[in-house]
Amino acid sequence: MATDERLDELEFFNSGSTDQITVRENTTAYSKYRLRPRVLVDVSKADASTTMFGSRVAFPLAVSPAGLQGMAHADGELATSRACALKGVNMGISSFANYSVKDIRETALGVNRNHNPIIHAMQLYTMKDRELELRIIREAEAQGCKAILLTADSPVLGVRYNEWRNDFRTPAGLSFPILEQTSEIIRSRTHDSGFTSFNDDAHNWARELPWLRSVTKMEIWIKGILTAEDTLKAVEMGCDGIIVSNHGGRQLDRVPATLDVLPECVEAAAGRIKIHVDGGIRTGTDLFIALALGAEACWVGRPAIWGLAYDGQKGVERMIDIFHSEFKRCMQLTGCDSVKDIDKTRIGVSRSTGPLARL
Ligand SMILES: Cc1cc2nc3c(=O)[nH]c(=O)nc-3n(C[C@H](O)[C@H](O)[C@H](O)COP(=O)(O)O)c2cc1C
Ligand SMILES: O=C(O)C(=O)c1ccccc1
């Protein structure tokens with residue numbers, strides 16, 4: 001394959017939208033915070049495990065639903081799924097995955113050894129073709145997915161100059177079994193026009209949520225909330241949880257970093273629904289900070305893609321191991337014996353002058 005095609009793919013994975021402000025800020029937001037360690041605490045049995053979707057996970061991380069993983073490595077979502085299962089973390093399956101939900105589930109259930117069986121959440125866009133959307137839901141249920149993640153931040157795609165400049169199309173030979181589409185059909189359209197052909201920009205709370213509730217017993221999560229107002233809406237609509245997310249800075253540029261709106265969402269939810277967060281999380285300490293600000297768990301998108309591109313399943317395993325060991329060290333060095341100990345007393349905000357601002 002020509003080098004510039006690989007560069008276009010790299011740009012597709014890594015870029016944000018328009019001016020790249022939000023994609024950058026998602027990561028830099030974490031660097032405002034400082035840790036407040038408590039010393040001389042017995043951390044010899046520090047336990048990084050916690051619960052997610054009601055089941056024990058090795059630590060509070062999951063892999064975000066990201067489409068087109070077959071472009072990062074031939075084994076794509078199969079490799080990601082096996083790595084997650086082996087390392088005791090959960091995974092979201094994109095509707096634009098290159099493997100079927102059945103294959104992604106089955107390959108993972110074969111490798112679970114020291115951990116609870118992996119939980120998969122099925123990511124959904126609201127589709128123009130409601131029959132197709134319903135078939136996706138039925139198949140997710142049949143394969144034992146526990147939750148629907150309804151992506152709410154994408155009535156249309158963001159302004160992605162890289163995709164437009166590169167006339168980005170998916171590489172030949174990748175299938176899209178969840179969408180029931182061949183590689184050729186998907187390749188015949190740009191990413192933007194292809195997305196528009198599936199996705200229903202007439203989506204709205206009143207239509208989607210009661211409908212989803214009426215067709216499935218899976219948990220229903222909204223992915224892509226950034227305000228207290230929409231958190232309250234998710235509570236009102238009886239959702240099980242939300243993922244505070246700006247789609248990794250790929251949708252509307254200049255929305256705030258997810259970390260900066262996490263506190264208002266946590267406050268609005270007031271414990272009535274679960275709150276997770278994604279976007280820009282790159283170290284175990286980032287996980288710790290998001291939990292201190294009230295998230296139950298975090299999701300990572302690009303780190304899994306990078307792990308896949310680096311070394312397939314082994315690369316994703318390595319990525320998870322690095323997060324796990326950094327997170328556990330951070331717990332131990334701040335004097336946290338259990339994930340329950342992580343609260344806002346553990347962090348402060350660094351100011352350009354003056355002492356640390358306590359939360
Ligand atoms: C290449 C790529 C593809 C993505 N595809 C989807 C998708 O199909 N559905 C979805 O809801 N989010 C998708 N996302 C967003 C991720 O689920 C997640 O919100 C984001 O990647 C988190 O930010 P991070 O990459 O900085 O960790 C995608 C992200 C990337 C980078
Ligand atoms: O590019 C994205 O952010 C995204 O959500 C997506 C949608 C369809 C296919 C691949 C990725």
Side-chain angles (χ1 to χ4, degrees), residues 1-28 64-74 76-77 92 94-98 123-129 132 149-176 178-203 223-224 226 243 245-258 278-280 282 300-306 308-309:
M1 186 186 300
T3 315
D4 44 338
E5 273 174 51
R6 295 300 291 185
L7 286 176
D8 295 355
E9 293 170 6
L10 185 74
E11 237 190 323
F12 172 80
F13 281 139
N14 288 350
S15 282
S17 49
T18 323
D19 292 318
Q20 317 292 320
I21 290 173
T22 298
V23 65
R24 248 194 323 265
E25 208 162 286
N26 270 350
T27 299
T28 55
S64 299
L68 267 180
Q69 295 187 16
M71 191 170 83
H73 187 278
E77 291 82 4
S94 165
S95 293
F96 284 75
N98 298 124
Q123 181 268 327
L124 266 192
Y125 288 107
T126 46
M127 300 226 160
K128 289 200 168 97
D129 181 347
L132 171 60
L149 309 179
L150 181 70
T151 301
D153 56 18
S154 307
V156 293
L157 285 184
V159 173
R160 302 173 178 191
Y161 287 120
N162 76 93
E163 292 175 17
W164 302 351
R165 172 171 22 84
N166 298 333
D167 186 32
F168 177 76
R169 283 153 203 264
T170 58
L174 295 180
S175 35
F176 294 84
I178 299 171
L179 298 174
E180 305 170 0
Q181 293 290 337
T182 62
S183 174
E184 289 68 32
I185 292 175
I186 300 267
R187 266 171 68 70
S188 70
R189 296 185 287 237
T190 64
H191 186 49
D192 195 60
S193 65
F195 186 83
T196 302
S197 72
F198 284 110
N199 196 56
D200 190 356
D201 60 0
H203 67 187
K223 175 175 181 285
L226 292 171
I243 305 182
S245 173
N246 53 34
H247 213 108
R250 297 164 72 82
Q251 286 299 104
L252 181 61
D253 196 29
R254 286 178 202 255
V255 297
T258 47
D278 75 14
R282 300 292 178 263
V300 291
R302 293 184 187 84
I305 305 267
W306 297 330
L308 261 186

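Quick caveat: nothing in here was measured; it's all calculated off a predicted structure.
- Applying the side chain to side chain contact (heavy atoms under 4.5 Å, CB included) criterion to T27, with sequence neighbours excluded, gives R282.
- Considering all non-hydrogen atoms of both residues, P65 and S94 come closest at CB-N, 3.7 Å.
- Between A152 and H203 the shortest heavy-atom distance is O-CE1, 4.0 Å.
- Under the 4.5 Å side-chain criterion, counting only non-hydrogen atoms from C-beta, I305 is in contact with Q69.
- Residues N199 and T126 meet the side-chain proximity criterion, which asks for heavy atoms closer than 4.5 Å.
- For the residue pair L157 and R160, the shortest heavy atom distance occurs at CD2-NH2, 3.7 Å.
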Audit row: T170, M71, side-chain contact (heavy atoms from CB on, under 4.5 Å) steps and yes/no: CA-CA 8 Å; T170 58; M71 191 170 83; 5.7 Å; no
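- Under the ring pair (Phe, Tyr, Trp, His ring centres under 6.0 Å) criterion, W164 pairs with Y161, sequence neighbours left out.
- Of all non-hydrogen atoms in R169 and S188, the two that sit nearest each other are NH1-O, 3.2 Å.
- Atom CG of residue L179 and atom CG of residue N98 lie 10.0 Å apart, to the nearest 0.5 angstrom.
- The aromatic rings of Y125 and F195 lie perpendicular to each other, with more than 60° between the two planes, well past the 30° mark.
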Residues E9, L68; criterion side-chain contact (heavy atoms from CB on, under 4.5 Å); working and verdict: CA-CA 10 Å; E9 293 170 6; L68 267 180; over 6 Å; no
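- With hydrogens and angles disregarded, no donor-acceptor distance shorter than 3.5 Å links the side chain of E11 to the backbone of N162.
- Checking side-chain atoms of D153 against main-chain N and O of Q251 turns up no donor-acceptor pair under 3.5 Å.
- Just one of T18, D19, N26 meets the side-chain contact (heavy atoms from CB on, under 4.5 Å) condition when paired with T22; it is N26.
- Atom CD of Q181 sits about 14.5 Å away from atom CZ of R187, to the nearest 0.5 Å.
- Across S183 and L174, no two heavy atoms sit closer than the pair CB-O, 2.8 Å.
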Test log, rule side-chain hydrogen bond (donor to acceptor under 3.5 Å, both in side chains), inputs N246 and T258: CA-CA 7 Å; N246 53 34; T258 47; 4.8 Å; no
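- Nearest approach of R250 to S17, heavy atoms of both residues: O-CB, 3.6 Å.
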Pair T196-K128, side-chain contact (heavy atoms from CB on, under 4.5 Å): steps then yes or no: CA-CA 9 Å; T196 302; K128 289 200 168 97; 4.2 Å; yes
Residue pair D278, V300: steps toward the side-chain contact (heavy atoms from CB on, under 4.5 Å) verdict: CA-CA 6 Å; D278 75 14; V300 291; over 6 Å; no
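- Summarising the geometry, atom NE2 belonging to H247 is positioned 9.5 Å from atom OG belonging to S64; distances are rounded to the nearest 0.5 Å.
- With sequence neighbours left out, F12 forms a ring pair (Phe, Tyr, Trp, His ring centres under 6.0 Å) with F168, H191.
- Put simply, the side chain of R302 never gets that close to the backbone of G280: no donor and acceptor are under 3.5 Å apart.
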From CA spacing to verdict: side-chain hydrogen bond (donor to acceptor under 3.5 Å, both in side chains), E163, T190: CA-CA 8 Å; E163 292 175 17; T190 64; over 6 Å; no
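- Around CZ of R189, the count of heavy atoms belonging to other residues, nucleotides or ligands within 6.0 Å exceeds 12.
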